[in-house]
There are 2 protein chains.
Amino acid sequence: MADPDWGLYRSFLAVMAQGSLSAAARELGLTQPTIGRHMDELQHHLNVVLFTRSSGGLQPTDAALNLLPHAETLKAAADMLSRAASGLGDDVRGTVRITASDVIGVEVLPPILTSLRNDHPDIEIELALSNRMEDLLRRDADIAIRMVPPSQDALVAKHIGAIDLGMYAHHDYLAQNGAPEDFEDLADHALIGVDRDARDLRLLHSLPWPLAKHRFSFRSDQHLSHLAMIRAGYGIGMCQVGVALREPALQRVLPEFSLALDSWVTMHEDLRNNLRCRTVFDALVRGMKTYWRTQKPDPQLA
Amino acid sequence: MADPDWGLYRSFLAVMAQGSLSAAARELGLTQPTIGRHMDELQHHLNVVLFTRSSGGLQPTDAALNLLPHAETLKAAADMLSRAASGLGDDVRGTVRITASDVIGVEVLPPILTSLRNDHPDIEIELALSNRMEDLLRRDADIAIRMVPPSQDALVAKHIGAIDLGMYAHHDYLAQNGAPEDFEDLADHALIGVDRDARDLRLLHSLPWPLAKHRFSFRSDQHLSHLAMIRAGYGIGMCQVGVALREPALQRVLPEFSLALDSWVTMHEDLRNNLRCRTVFDALVRGMKTYWRTQKPDPQLA
DNA sequence: TAGTATCCATACAAAAATGTATGGACGTAT
DNA sequence: ATACGTCCATACATTTTTGTATGGATACTA
């Protein structure tokens, strides 16, 4: 029972993504009969039915749906391999893929990456923003910026410092609704918070001043939308101090309710020898440390 | 610049493992010219030289060595996929791959797996023993038993309890050398300890009674060899209480120097729907919890 | 209801990958 | 030194894979 040709899974992924043999063939630059034969071969090999022919396209079976995440892992590994291979020449050129939380990616990274580009114009950057940690393990990215301790031996990690979070609201909102004086006052305010992200909910419950989820009148798992809502004057929410400090219209409330999350820049150790990834890694560490300093009132600056 | 056919990496791995085109061809059931063409194609595609022809075989270049771990990741993903696929029929049959520390694998798992086999004779077990955590992330295994908190969202984890470790020596050794009365006395004894494993060294340094590495007169990263040396009466070393309790000849010394490591049985969430893995997972959790109870003097047993 | 645009299946032709056979190079053993 | 084994490269034959062309089925639209 030898493994099926790995290429069959590539076709399988395309069919799952596109919903039809023809579309998958277009995606891969092959033809519809070829993809059809690939699926036949795969089903025969695995001894399962992967698709049922239904009106309006192919319907994946349960088997296909169960297989999908594994096939995606395979693809992630292959993509990683390609990126690694493209960095083998001792050239500092090619693509580096970074993953980070949405707020970091939108509010913090742009200037860092811009300055990186000035020094190394041959490096291309891919940025994947998500709050899911999964990415680096699956090797969906070369480098990750995360507020979670890197517990894996196989990762090269650099500690940035603790990123401070605080409660903020827009000046207009506070002018209209007043500022809460203590924790109890929050009951009268529009709170912006987490929706269903497991990690965030866990963090929330671990706080000394736990807020139940139903206390939030706006819920989202995208922290970037929290920020946008705060800016729009919807209510009170959590925001990175370093980001809020740049916007005079945002005012801190209840400063005693703060939170500091340790942050790391992380890379897989297999990439340590890769000059290109190494360069980006170092630039991110430098840039993030600079950002970290901005959130403190900094005495040694002129 | 499309990706090379994933199958080329399979040939690459075989060449790296075997050291020659011909041997790789034999491993894969292909022929030497085919493998040769694969390598040509891969080198051309990646625009790197992977091998230099030297007397007595092929010499991998630095590029090939850098690529190797990534290619191995690809293979791990493919193997995982095969195992997942073989469990798609709602049959409880096929292979489940488990990884665990060497001591757990040799001292604790055998009876658990034996009883599992009585209930489910159609399940085949692969057991990979290593102290490296990497395996599950790379999907080298379906299920892992580890003494490290599973920090990844994508993992389904069941907490077993804290596994107690203590200092032990063989009765014969103590009869000959006496038992140490306090921490200072250890200087006069043959100590068995860790060699260079990063995680173990870190753990060692974090203890309230740190031992420098040079204090050990026997060093190994295989905990199983610690156990074997203790049994042979070489000296004093750390051992799981649950294992030592079964052997009257092993005696605890300095009982105040103990250590408890939380343990988990862990599985990737993608496998949750896989009846076969689920069955093994549940059996391991049950078995490990039973083991955990043996290390405590258990009052509620007859 | 006929026209159009998808889709997939099939038959046949072209292209690509693989295998077979052989020769030369190198190292080792007798 | 010569015989043997193993290695890789090359030329040629075969098999396998892919593409092209076409037909039937289904859905949407005018």
Side-chain angles (χ1 to χ4, degrees), chain A residues 1-61 63-65 67-68 71 74-75 78, chain B residues 1-61 63-65 67-68 71 74-75 78:
Chain A
M1 177 92 73
D3 277 8
D5 185 334
W6 296 350
L8 297 182
Y9 289 114
R10 184 187 245 171
S11 300
F12 169 71
L13 280 165
V15 174
M16 287 297 279
Q18 302 289 340
S20 86
L21 300 183
S22 312
R26 283 192 294 272
E27 175 185 325
L28 297 178
L30 299 173
T31 59
Q32 166 259 317
T34 299
I35 303 295
R37 285 184 287 245
H38 283 179
M39 291 306 100
D40 287 346
E41 192 181 339
L42 193 55
Q43 304 196 58
H44 190 256
H45 222 105
L46 303 179
N47 206 27
V48 252
V49 177
L50 293 171
F51 300 98
T52 53
R53 215 159 309 293
S54 80
S55 61
L58 297 182
Q59 195 65 28
T61 63
L65 291 172
L67 225 44
L68 183 59
L74 186 66
K75 178 165 166 47
Chain B
M1 175 94 74
D3 276 10
D5 184 333
W6 296 350
L8 297 183
Y9 290 114
R10 186 186 243 170
S11 299
F12 169 72
L13 280 165
V15 174
M16 288 296 281
Q18 302 289 340
S20 86
L21 300 184
S22 310
R26 282 192 294 273
E27 176 184 325
L28 297 178
L30 298 174
T31 59
Q32 165 258 315
T34 299
I35 304 295
R37 285 184 287 247
H38 283 179
M39 292 305 100
D40 287 347
E41 191 181 340
L42 192 55
Q43 305 196 56
H44 189 257
H45 221 104
L46 303 179
N47 207 27
V48 212
V49 177
L50 294 171
F51 300 98
T52 54
R53 215 159 309 294
S54 80
S55 63
L58 298 182
Q59 194 65 26
T61 64
L65 292 172
L67 224 47
L68 183 58
L74 186 67
K75 178 165 167 46

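Order of the sequence lines fixes the chain letters, A, B, ..., with proteins taken first and strands second; residue numbering starts at 1 for each chain.
Distance alone, capped at 3.5 Å, is enough to place a donor-acceptor pair between the T61(B) side chain and the L50(B) backbone.
OP1 or OP2 of dC8(D) has at least one side-chain nitrogen or oxygen of S22(B) nearer than 4.0 Å. In terms of phosphate contacts, S20(A) brings a side-chain nitrogen or oxygen within less than 4.0 Å of OP1 or OP2 of dC7(C). Side-chain nitrogen and oxygen atoms of H38(B) include none within less than 4.0 Å of the OP1 or OP2 phosphate oxygen of dA17(C).
Residues passing the side-chain hydrogen bond (donor to acceptor under 3.5 Å, both in side chains) test with Q18(A) are E27(A), sequence neighbours excluded. Scored by the side-chain hydrogen bond (donor to acceptor under 3.5 Å, both in side chains) test, T34(B) finds T31(B) as partners (sequence neighbours excluded).
The terminal axes of the helix from dT1(C)-dA30(D) to dT30(C)-dA1(D), fitted over 5 pairs per end, subtend an angle of 20° to the nearest 10°.
Per the geometry, CZ belonging to F51(B) stands 15 Å off P belonging to dC7(D), to the nearest Å. Separating the CG atom of D5(B) from the C1' atom of dT18(C) is a distance of 14 Å, rounded to the nearest angstrom. Remark: P of dC8(D) and CG of L58(B) are 5 Å apart, rounded to the nearest angstrom. Computed from coordinates, the Q43(A) CD to dC8(C) C1' distance equals 14 Å when rounded to whole Å. If you take CD1 of I35(B) and C1' of dT6(D), they are 17 Å apart, rounded to a whole angstrom. Rounding to whole angstrom units, CG of residue D40(B) and P of dA16(C) are separated by 17 Å. Residue L21(A) contributes atom CG, which lies 12 Å from atom C1' of dT6(C) at whole-angstrom precision. Atom CZ in R37(A) sits roughly 10 Å away from atom C1' in dT10(C) (whole-Å rounding).
For the pair P60(B) and M16(B), the minimum side-chain heavy-atom distance is below 4.5 Å. Side-chain contact check for L13(A) versus L74(A): every heavy-atom pair is 4.5 Å or farther apart. Side-chain contact check for F51(B) versus L21(B): every heavy-atom pair is 4.5 Å or farther apart.
Rounded to the nearest 0.5 angstrom, K75(B) NZ and W6(A) CH2 are separated by 6.0 Å. In this structure, OG in S11(B) is found 11.5 Å from CZ in R37(B), a value given to the nearest 0.5 Å. The CD atom of Q43(B) sits 13.0 Å away from atom NE2 of H38(B), with the distance rounded to the nearest 0.5 Å.
Annotation: proximity of residues 25-33 of chain A to DNA chain C (heavy atom, distance under 4.0 Å) is found for R26(A), Q32(A), P33(A), numbered in ascending order.
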